[in-house]
Asks: 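Mind having a look at this structure? Questions to follow.
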Amino acid sequence: MFEIVLASTKNGYIGGYGLGGFRMYFDPTYILVLIGVVISLIASARVKSTFARYQRERARCGLTGAEVAERIMRANGIYDVRVEHVSGSLTDHYDPSRKVLRLSDSVYNQSSISAVSVAAHEVGHCIQHANGYAPLSIRASLVPVANFGSSISWILILAGLFLGGFSWLVNLGIILFSGAVLFQIVTLPVEFNASKRALVALSETGILYDDEVQKGRKVLNAAALTYVAAAAAAVLQLLRLILLFGRNDD
């Protein structure tokens, strides 16, 4: 892979294809990005295949994802959260600010083990919110930081590199990107805990039989891998930025 960097014989950036004041050179740190991409692709393929496999298997309870969500919330004393349909596939999420649980096309009106498990997972977030689960509150507080950091960090980093002599811009960009990385890391315990709550609820309410709970566990474990992959990719990207910045300062 090639990148355009500031040409400088002092920093050892010699040779390659010139472009004005820039040169192209082979960047070995790009392997970190490639590792992140591979991990993400593997996790995405895993969740899609696992979800599709158990989407074909109907839960014996016969309840739809929406009905499961309502039943588990009632069992946990939650009466102020609406369940709504949202278009798309695997776009399910809980909005704590509006107290709305949104279930996708493949979950809302479906009675498969996959649909039931995903619906229960989202209710897990509702239960977290109702119980004041600390990591969920921390993640919610990091949302504006992560959104701002992910949108502006690269602009600052590139501005600092292209303008030259503005290393403070690069530093600021990396710090802001770190906020987005922190959000991904904090997301992990939140998602794992929601899945744990979901499986307990599915078992205790009798919505799924023991053998079905094990299948539901596979669906949620596969989904959890996507969050692990996202966190790993973010950490690797941050490491790459730190390595590049350190080299640029030498």
Side-chain angles (χ1 to χ4, degrees), residues 1-6 11 22 27-44 47 86 88 90-102 121-122 124-125 128-129 132-195 223-250:
M1 295 293 175
F2 292 88
E3 289 193 350
I4 298 176
V5 297
L6 291 172
N11 289 331
F22 305 94
D27 178 11
T29 66
Y30 207 85
I31 189 66
L32 297 174
V33 177
L34 293 179
I35 292 173
V37 170
V38 171
I39 293 174
S40 297
L41 289 175
I42 292 173
S44 178
V47 69
V86 63
L90 296 179
T91 51
D92 315 85
H93 63 278
Y94 170 59
D95 184 345
S97 63
R98 297 177 182 271
K99 288 196 171 183
V100 176
L101 191 154
R102 300 185 177 94
H121 171 88
E122 296 307 326
H125 291 308
Q128 289 173 337
H129 190 204
Y133 182 61
L136 180 68
S137 300
I138 294 172
R139 185 176 75 165
S141 67
L142 287 173
V143 168
V145 176
N147 288 339
F148 180 74
S150 60
S151 62
I152 199 70
S153 59
W154 285 103
I155 296 175
L156 295 176
I157 291 170
L158 290 174
L161 290 175
F162 275 79
L163 292 175
F166 287 82
S167 60
W168 65 272
L169 280 177
V170 178
N171 276 329
L172 180 58
I174 292 175
I175 290 172
L176 289 175
F177 186 78
S178 298
V181 175
L182 180 61
F183 175 81
Q184 295 288 354
I185 293 173
V186 172
T187 291
L188 295 179
V190 174
E191 296 300 331
F192 287 137
N193 181 264
S195 290
L225 286 178
T226 62
Y227 295 103
V228 174
V235 170
L236 289 170
Q237 183 65 274
L238 176 60
L239 176 59
R240 176 174 181 259
L241 290 175
I242 293 173
L243 290 173
L244 286 174
F245 175 70
R247 183 175 62 190
N248 198 50
D249 258 3
D250 290 342

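Counting begins at 1 with the first residue of the sequence. On a predicted model such as this, the values are computed, not experimentally measured, just so you know.
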Asks: For the CG atom of Leu172 and the OG atom of Ser153, what is their distance to the nearest 0.5 Å?
Replies: 9.5 Å
Asks: Taking it one step at a time, do Val235 and Val181 satisfy side-chain contact (heavy atoms from CB on, under 4.5 Å)?
Replies: CA-CA 6 Å; Val235 170; Val181 175; 3.9 Å; yes
Asks: Got Arg102 and Tyr94 here, is their nearest side-chain heavy-atom distance under 4.5 Å?
Replies: no
Asks: Measuring from atom CD of Glu122 to atom NE2 of His125, what distance do you get when rounded to the nearest 0.5 angstrom?
Replies: 5.0 Å
Asks: Quick one: list whatever passes ring-ring contact (aromatic ring centres under 6.0 Å, His included) with Phe183, sequence neighbours left out.
Replies: none
Asks: Between OG1 of Thr226 and CD1 of Ile42, what distance do you get to the nearest 0.5 Å?
Replies: 13.5 Å
Asks: Please, which pairs that meet salt bridge (Lys or Arg N to Asp or Glu O under 4.0 Å) have at least one residue in residues 171-185, sequence neighbours excluded?
Replies: none
Asks: Dump the intermediate steps for side-chain contact (heavy atoms from CB on, under 4.5 Å) on Leu241 and Phe245, then the final yes or no.
Replies: CA-CA 6 Å; Leu241 290 175; Phe245 175 70; over 6 Å; no
Asks: Do you know which two heavy atoms are closest between Ile39 and Ala229, and how far apart they sit?
Replies: CG2-CB, 3.6 Å
Asks: For Gln128 and Val190, indicate whether the former's side chain and the latter's backbone hold a donor-acceptor pair under 3.5 Å.
Replies: yes
Asks: Is the shortest heavy-atom distance from the side chain of Leu32 to the side chain of Leu243 under 4.5 Å?
Replies: yes
Asks: Search all heavy atoms of Pro96 against all heavy atoms of His129 and return the closest pair with its distance.
Replies: O-CE1, 3.3 Å
Asks: Between Ser151 and Asn147, which heavy-atom pair has the shortest distance, and what is it?
Replies: OG-O, 3.0 Å
Asks: Looking at every heavy atom in both Val228 and Phe192, which two are closest together, and how far apart are they?
Replies: CG2-CZ, 3.8 Å
Asks: Working to the nearest 0.5 angstrom, can you tell me the gap between Ile152 CD1 and Ile157 CD1?
Replies: 10.5 Å
Asks: Kindly compute the distance separating CD1 (Ile174) from CG (Leu169), expressed to the nearest 0.5 Å.
Replies: 11.5 Å
Asks: Say whether, by atom type as modelled, one donor and one acceptor occur between the side chain of Ser141 and the main chain of Ile138 under 3.5 angstrom.
Replies: yes
Asks: Less than 4.5 Å apart, any side-chain heavy atom of Gln184 and any of Tyr227?
Replies: no
Asks: Give the minimum heavy-atom separation between Ser178 and Leu238, together with the two atoms involved.
Replies: OG-CD1, 3.5 Å
Asks: Is it the case that the side chain of Ser150 and the backbone of Ala146 share a donor-acceptor pair, with hydrogens and angles ignored and the cut-off at 3.5 Å?
Replies: yes
Asks: Could you state the interatomic distance from CD (Gln237) to CH2 (Trp154), rounded to the nearest 0.5 Å?
Replies: 4.0 Å
